[in-house]
Amino acid sequence: MTTRVRIAPSPTGPLHIGTARTALYNFLHARNVDGTFILRLEDTDQVRSTVEFEKDILDGLHWLGLEWDEGPEVAGEPARGPHAPYRQMERLPTYAAAAQRLLADDLAYPCYCTLEELEADRRAQEAAKQAPRYVGRCAHLTPDERRAREAEGRRGALRFRVGEGVVAFDDVVRGRVEFDVSNLGGDFVIVRADGSPLYHFTVVVDDAAMEITDVIRGEDHLSNTPKHILLFRALGYDVPQFAHLPLILNPDRTKMSKRKSQTAIDDYIAQGFVKEALVNYLALLGWSTGTEEEILPLDELVKRFDIKEVHKGGAVFDRERLEWMNGQWIRRLSADDLIDRLRPFVEAELVAGRIERVPSDEELRALLPVIQERLPTLSSIGDLAGFLWVGDVDVDPAMLVPKRWDIATAKDAVAAARETIADVGAVSFEADELEPPLRALAEERGWKAGDLFMTIRVAVTGRTATPPLFDTLVALGRDRALARLDRALAVLEGA
RNA sequence: GCCCCCAUCGUCUAGAGGCCUAGGACGCCACCCUUUCAAGGUGGAGAUCAGGGGUUCGAAUCCCCUUGGGGGCACCA
């Protein structure tokens, strides 16, 4: 039998790091065993679900390169796969039929308890320091009693009878796990009073309908698994294999949350992380190849992935390590690819008013040799080279004067450098033609070359940390370099 | 409160009884390279393998207990 796995996000928020990691592990496993990767939207929480979030999630998974084999229709494209629809709100009749079967077999029953009654039960249990559970008030209503309540206009929610006994299963990552049914919290609701089905129910009906063989999900679902198994059995379905992944954690080791960490994939994209780095980093959060190699592309991860080697313990999300990995991947991108990916970030700089014009592809390409290894993220392009794409830069006179110098020396140096650079540029303007005369100038005046270079650097860029000076001067062009030196001199005069 | 899960450097991890006086990576600190910043290279600090009992000739690795941490217990997913 071919392996079928699924990722089943709820469109109640933007694509979360945890969902992306779960999707990735499902994808890696599916591709590793040549199985099928299915996407299903669990949108039964009509209050919180939105089409915007749905689009965000789909776009994010697509951006990461996690293509699904079966999934819902999106953006005019028809649904893929034999089990459509793949959006739960479009599968209501399926759940209704399953609910009807359970009701007919008395495996489920209508519950007329009001929310107030249930809330009161919970409070009483809490006061008595007992575990919250449904007390079973409606578990054994006679047909007459049910009719009486219906006649009062009360609508029953449907509760599933959990029965008693022990539910055990062999989790692929955790091994054998057992739960006593008495600890499940009593009979649980599978269909709301308004007729809409609930998660525990739809997930089982759909996993069965879509013939899911391996349910790979977060550890937060481990305690829910016995409920699901009971439902699979009650409905006469085969129980799939389960694999519960370790949670991704906040620095304080609680489940990663928006409150304490940056969780939206969107934000990582906006901050200039590349998909290769995110995928690579996430893959290694909770699993390792067993070797010391760690920079691995998606296809290589697929080859080496083994769901049985996934760790049991949660892993703290370490942004510093992600950033390092992002740098590793940026350095591995081809010139064309990097230029394409840089483009939106350069444009964002323009929109933000931090630069005044957008460089051409050729300008960016010429810069790549000196900026590629200096970009921790794509978004750092502005900080790194933005001074090239503005008319003038603000220069802090204090930064123009190296520690060993006084203002007079700095003025002298800027003026002399201006002449030297002008002389070089009169013929051509190349990095290796600029360096010798400027070094000679430093030597002649008894200046440390580094001091002279720093003064020039600040004069033409306004900053102390830049790509190599001579390449920077070339990128700026002779005229603009000279103009900025003139301006720096004026700044010093005024200081 | 009840149930379940987990436990190697600050963090991600290697380790499936002797190869471990515990290896790698991120971060940190030095040094090298160097016009700044990076990148790269070299080296260093950093874990009595949570603690305690067993089993064994021998345990980070197996068992038990304790402690600690986490997750779940909705007419949310």
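These numbers come from a predicted model, not from an experiment. Protein chains get the first letters and strands the later ones, always in sequence-line order, with residue 1 at the start of each.
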Classify the nucleic acid contact of A/Gly218 as base, sugar-phosphate or nothing, counting any heavy atom under 4.0 Å across all strands shown. nothing
Rounded to whole Å, the CZ-P distance (A/Phe188 to B/C3) equals 20 Å
Spacing of the C1' atoms in B/G15 and B/G54 (rounded, Å): 23 Å
*Distance-only polar pair, side chains of A/Ser10 and A/Thr12, donor-acceptor under 3.5 Å*: no
- Would you sort out whether A/Asp194 and A/Arg155 count as a salt bridge (Lys or Arg N to Asp or Glu O under 4.0 Å), showing the intermediate values? CA-CA 7 Å; A/Asp194 70 4; A/Arg155 301 284 310 278; over 6 Å; no
Next item on the list: Would you please classify the geometry between the A/Trp405 ring and the A/Trp447 ring as parallel, tilted or perpendicular, with 30° and 60° separating the classes?
Entry: tilted
Quiz item: Take atom CD in A/Glu126; do more than 12 heavy atoms of anything else shown fall under 6.0 Å from it?
Solution: no
From the candidates B/C75, B/U11, B/C5, the one with an atom nearest any side-chain atom of A/Val177 is B/C5
| said: Please determine whether side chain to side chain donor-acceptor pair (under 3.5 Å) holds for the pair A/Asp187 and A/Tyr109, giving the CA-CA distance in whole Å, both sets of side-chain angles, and the decisive distance to 0.1 Å. | reply: CA-CA 9 Å; A/Asp187 299 339; A/Tyr109 58 88; 2.7 Å; yes
Side-chain atoms of A/Arg331 come closest, of B/C3, B/C5, B/A39, to B/A39
Hey, mind stepping through A/Phe201 and A/Phe160 against ring pair (Phe, Tyr, Trp, His ring centres under 6.0 Å) and telling me if it holds?
-> CA-CA 9 Å; A/Phe201 185 51; A/Phe160 176 70; 8.6 Å; no
**Study point:** Whether A/Phe188 and A/His200 hold their rings parallel, tilted or perpendicular, with breakpoints at 30° and 60°
**Key:** perpendicular
Considering only heavy atoms and no angle criterion, is a donor-acceptor pair shorter than 3.5 Å present between the side chain of A/Arg457 and the base of B/U35? yes
To the nearest angstrom, the CZ-P distance between A/Arg6 and B/A77 comes to 14 Å
message = Heavy atoms only, 4.0 Å cut-off, all strands: where does A/Ala449 land among base, sugar-phosphate and nothing?
response = nothing
Task: Phosphate OP1/OP2 of B/G40: any A/Gln328 side-chain N/O under 4.0 Å - done: yes
A/Leu322 atom CG is separated from B/U11 atom P, nearest whole Å, by 18 Å
Testing B/G72, B/C37, B/G23 for proximity to the side chain of A/Glu292, the answer is B/G23
_Between B/U61 and B/A77, how many Å separate the two C1' atoms, rounded to a whole number?_
38 Å
Rounded to whole Å, the CG-C1' distance (A/Asn224 to B/C76) equals 11 Å
Rounded to whole Å, the CG-C1' distance (A/Leu245 to B/G71) equals 14 Å
note: A/Gln372, atom CD; B/G40, atom C1'; distance rounded to Å ~ 15 Å
(Q) Heavy atoms only, 4.0 Å cut-off, all strands: where does A/Phe470 land among base, sugar-phosphate and nothing? (A) base
Touch class at under 4.0 angstrom, heavy-atom based, for A/Arg48 against every strand present: base
By nearest-heavy-atom nucleotide on RNA chain B, the more 5' of A/Pro132 and A/Thr12 is A/Pro132
Numerically ordered, the residues 246-263 of chain A set in heavy-atom contact under 4.0 Å with RNA chain B is A/Leu247, A/Arg253, A/Thr254, A/Lys255
Separation between the C1' atoms of B/G1 and B/A60, rounded to whole Å: 35 Å
Requested in this report: Indicate, with a heavy-atom threshold strictly under 4.0 Å, whether A/Leu115 touches base, sugar-phosphate, or nothing.
Outcome: base
_Using a 4.0 Å heavy-atom cut-off, does A/Pro226 contact any base of the nucleic acid, only the sugar-phosphate backbone, or nothing at all?_
nothing
**Prompt:** Checking all strands, does A/Leu198 fall into the base, sugar-phosphate, or nothing category for heavy-atom contacts under 4.0 angstrom?
**Reply:** sugar-phosphate
- B/G51 and B/U13: how far apart are their C1' atoms, nearest whole angstrom? 23 Å
Original post:
What distance, rounded to whole Å, do you find between the two P atoms, one in B/G17 and one in B/G43?
Top reply: 31 Å
Rounded to whole Å, the NZ-P distance (A/Lys308 to B/A16) equals 17 Å
* Step through the shown structure and confirm whether more than 12 heavy atoms of other residues, nucleotides or ligands are within 6.0 Å of CD on A/Gln130. => yes
pair_partner(B/C26), Watson-Crick or wobble, both distances < 3.5 Å, evaluates to B/G10
Heavy atoms only, 4.0 Å cut-off, all strands: where does A/Arg174 land among base, sugar-phosphate and nothing? sugar-phosphate
If the plane angle is over 60° it's perpendicular, under 30° parallel, otherwise tilted; pick one for A/Phe317 and A/Tyr281.
perpendicular
**OP:** Just call it for A/Ser10: base, sugar-phosphate, or nothing, with non-hydrogen atoms closer than 4.0 Å on any strand.
**Re:** sugar-phosphate
- Query: What is the nucleic acid contact for A/Arg133, judged by heavy atoms within less than 4.0 Å: base, sugar-phosphate only, or nothing?
  - Reply: nothing
What is the nucleic acid contact for A/Phe179, judged by heavy atoms within less than 4.0 Å: base, sugar-phosphate only, or nothing? sugar-phosphate
inquiry  = Classify A/Thr291 by what it touches in the nucleic acid, base, sugar-phosphate, or nothing, heavy-atom distance under 4.0 Å.
reply    = nothing
Of the candidates B/U35, B/U36, B/C3, the side chain of A/Met454 sits closest to B/U36
message = Show, in sequence, the C-alpha distance, side-chain angles and deciding distance for A/Phe53 and A/His16, and conclude whether the ring pair (Phe, Tyr, Trp, His ring centres under 6.0 Å) test is met.
response = CA-CA 11 Å; A/Phe53 287 142; A/His16 183 106; over 10 Å; no
- Query: Can you check side chain to side chain donor-acceptor pair (under 3.5 Å) on A/Ser261 and A/Thr263, steps first, answer last?
  - Reply: CA-CA 6 Å; A/Ser261 304; A/Thr263 58; over 6 Å; no
Between NE2 of A/His221 and C1' of B/G72 the distance, given in whole Å, is 11 Å
Assert: residue with more 5' nearest nucleotide on RNA chain B, out of A/Arg192 and A/Pro467, is A/Pro467
Re B/C2: Watson-Crick or G-U wobble partner, both distances kept under 3.5 Å, found to be B/G72
(request) Please work out if A/Glu178 contacts a base, only the sugar-phosphate, or nothing of the nucleic acid, heavy-atom cut-off 4.0 Å. (result) sugar-phosphate
Say you pick atom P in B/C62 and the same atom in B/A16; how far apart are they, in whole Å? 11 Å
task: Can you tell me, in whole Å, how much space there is between the C1' of B/G27 and that of B/C64?
output: 38 Å
Problem - B/A14 OP1/OP2 closer than 4.0 Å to side-chain N/O of A/His311 - result: yes
* Respond yes when some side-chain nitrogen or oxygen of A/Arg321 is under 4.0 Å from OP1 or OP2 of B/A25, and no when none is. => no
Categorize A/Asp180 for me: base, sugar-phosphate, or nothing, with a 4.0 angstrom heavy-atom threshold over every strand shown.
nothing
Quote, to the nearest angstrom, the C1' distance that separates B/G40 from B/U34.
11 Å
